[in-house]
J.: 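My questions will all concern the structure given below.
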There are 2 protein chains.
Amino acid sequence: MDKDIFTKLLRERGQRFTKERFVILQKALSYDGHFDPETLYLQIRKTGSKASRASVYRTLSVLRECGVIQQVAKTEHGTVYERTYGHRHHDHMLCVQCGDILEFYSEELEKIQENICKKQGFQGSSHTLEIRGYCKKCRKKKK
Amino acid sequence: MDKDIFTKLLRERGQRFTKERFVILQKALSYDGHFDPETLYLQIRKTGSKASRASVYRTLSVLRECGVIQQVAKTEHGTVYERTYGHRHHDHMLCVQCGDILEFYSEELEKIQENICKKQGFQGSSHTLEIRGYCKKCRKKKK
DNA sequence: ATTGTAATTGAGACTCATTCTCAATTATAA
DNA sequence: TTATAATTGAGAATGAGTCTCAATTACAAT
């Protein structure tokens with residue numbers, strides 16, 4: 001994401017562009033998969049750039065509110081994020097036998113969720129759907 | 001749940017039946033909806049029974065491993081549980097602001113998931129759907 | 001470019017859920 | 001009843017995340 005776009009995003013929120021925020025943005029977008037605040041913070045330090053832990057947490061909140069990244073889960077080890085930008089949303093099927101994870105996407109499923117949210121006056125920003133069961137291969141093995 | 005069944009459950013895990021564990025079990029099963037460890041702990045104290053916070057946390061872990069209760073979510077305000085038995089399946093909306101959890105159920109949603117599984121040759125046995133976002137109240141506050 | 005001012009930063013104090021420690025207690029098999 | 005291994009509880013420790021506030025900085029106005 002470009003400096004100018006980011007600046008504009010911040011402006012709309014009455015916030016200022018700072019080096020720290022930009023460093024954090026870039027690092028957050030650099031991850032293809034999941035990441036957590038602490039890892040991001042440590043990697044920023046390692047690369048010589050500077051941004052405090054406090055700023056990392058503050059900026060990640062901003063980025064989430066802007067829809068640039070999203071919270072994937074809260075685990076025992078903290079919050080997990082992933083970038084939204086340039087990432088197609090998908091859900092997961094998890095085979096409890098072999099541990100295989102299949103990704104899938106259903107427009108229909110997304111639409112229905114939107115409708116449900118609308119009905120309840122809930123503003124959904126992300127979701128996690130995990131279907132657990134047995135994949136094709138393991139079903140055959142069971143027989 | 002009965003004392004003997006519980007004892008048996010513990011035995012299978014090489015664990016002992018204790019008053020504390022039983023008090024915690026009973027209290028956990030007494031909630032129709034969601035509950036959290038701290039609330040459960042305080043209510044146990046209030047009713048004159050005794051069980052330390054440490055035991056509450058330890059026992060809730062055991063109960064989750066046994067499938068008696070399940071983790072509904074981890075929020076900024078802690079872990080939320082609900083009992084598994086005698087509970088119709090439903091999905092959750094989690095307000096990332098206030099931590100409120102709304103339950104919902106959609107036949108349509110369930111059907112579509114079945115179809116998706118069928119197409120992929122996947123035998124689904126359970127699923128978790130969590131929609132994260134802002135509830136009605138918090139949406140108003142944001143404005 | 002300079003200045004005024006409000007936003008931002010960082011270090012570390014703080015909070016709060018949860019886990020750990022370990023001596024005292026207790027369930028259970030022998 | 002006894003031996004012993006599991007369990008308990010009080011409070012210390014941990015760790016993610018937030019808060020405080022003085023110093024710094026972005027940026028609009030001049």
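Here is how names work: the chains are called A, B, and so on, in the same order as the sequence lines, proteins then strands, and each is numbered from 1. Both backbone and side-chain heavy atoms feed into the values below; hydrogens, waters and symmetry mates do not.
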J.: Does a nitrogen or oxygen in the side chain of R21(A) sit under 4.0 Å from OP1 or OP2 of dT9(C)?
T.: yes
J.: Atom CZ of F6(A) to atom C1' of dA26(D): distance rounded to whole Å?
T.: 14 Å
J.: Could you check how far CG of D36(B) sits from C1' of dC16(C), rounded to whole Å?
T.: 13 Å
J.: More 5' along DNA chain D: S55(B) or S61(A), using each one's nearest nucleotide?
T.: S55(B)
J.: Would you check if there is a donor-acceptor pair between the side chains of Y105(A) and E103(A) at a distance under 3.5 Å?
T.: no
J.: Checking R64(A) side chain against Q71(A) main chain: does a donor-acceptor pair fall under 3.5 Å?
T.: no
J.: Report the distance from atom CD of E38(A) to atom C1' of dG17(D), rounded to the nearest whole Å.
T.: 11 Å
J.: If you round to the nearest 0.5 Å, how far is CZ of F104(B) from CG of L109(B)?
T.: 6.0 Å
J.: Report the residue (E76(A) or V56(A)) whose heavy-atom-nearest nucleotide on DNA chain C is the more 5′ of the two.
T.: V56(A)
J.: In this structure, how many angstroms lie between the C1' atom of dT7(D) and the CZ atom of R13(B), rounded?
T.: 14 Å
J.: In terms of relative ring orientation, are Y31(A) and F35(A) parallel, tilted or perpendicular, with 30° and 60° separating the classes?
T.: parallel
J.: Rounded to whole Å, please give me the gap between NE2 in H77(B) and P in dT18(D).
T.: 10 Å
J.: Without decimals, in angstroms, what is the distance between I44(B) CD1 and dG9(D) P?
T.: 10 Å
J.: Quick check: does any side chain N or O of T59(A) sit under 3.5 Å from a backbone N or O of V56(A), one acting as donor and the other as acceptor?
T.: no
J.: How close do M93(B) and I116(A) get, counting heavy atoms only, and between which atoms?
T.: CE-CG2, 3.4 Å
J.: Minimum heavy-atom separation for H127(A) to I131(B), with atom names?
T.: CB-CA, 3.8 Å
J.: So, is Y57(A) close to the dT18(D) phosphate, meaning a side-chain N or O under 4.0 Å from OP1 or OP2?
T.: no
J.: What's the closest nucleotide to the side chain of P37(A) if the choices are dT8(D), dG10(C), dG17(D)?
T.: dG17(D)
J.: What is the separation between atom CZ on R53(A) and atom P on dG15(D), rounded to the nearest whole Å?
T.: 12 Å
J.: Per the end-axis method with five pairs at each terminus, what is the bend angle of the helix from dA1(C)-dT30(D) to dA30(C)-dT1(D), to 10°?
T.: 30°
J.: What string of B, S and - do you get for nucleotides 22-30 of chain C, 5' to 3', when a contact is any protein heavy atom under 4.0 Å?
T.: -----BSS-
J.: Could you tell me whether a side-chain N or O of R21(A) sits under 3.5 Å from a main-chain N or O of R16(A), the two making a donor and an acceptor?
T.: yes
J.: Please state how far atom OH in Y41(B) lies from atom C1' in dT19(C), giving the value in whole angstrom units.
T.: 15 Å
J.: Counting only side-chain nitrogens and oxygens, does T79(A) get under 4.0 Å of the OP1 or OP2 atom of dA16(D)?
T.: no
J.: If I take atom CG from residue D4(B) and atom CZ from residue F17(B), how far apart are they, to the nearest 0.5 angstrom?
T.: 8.5 Å
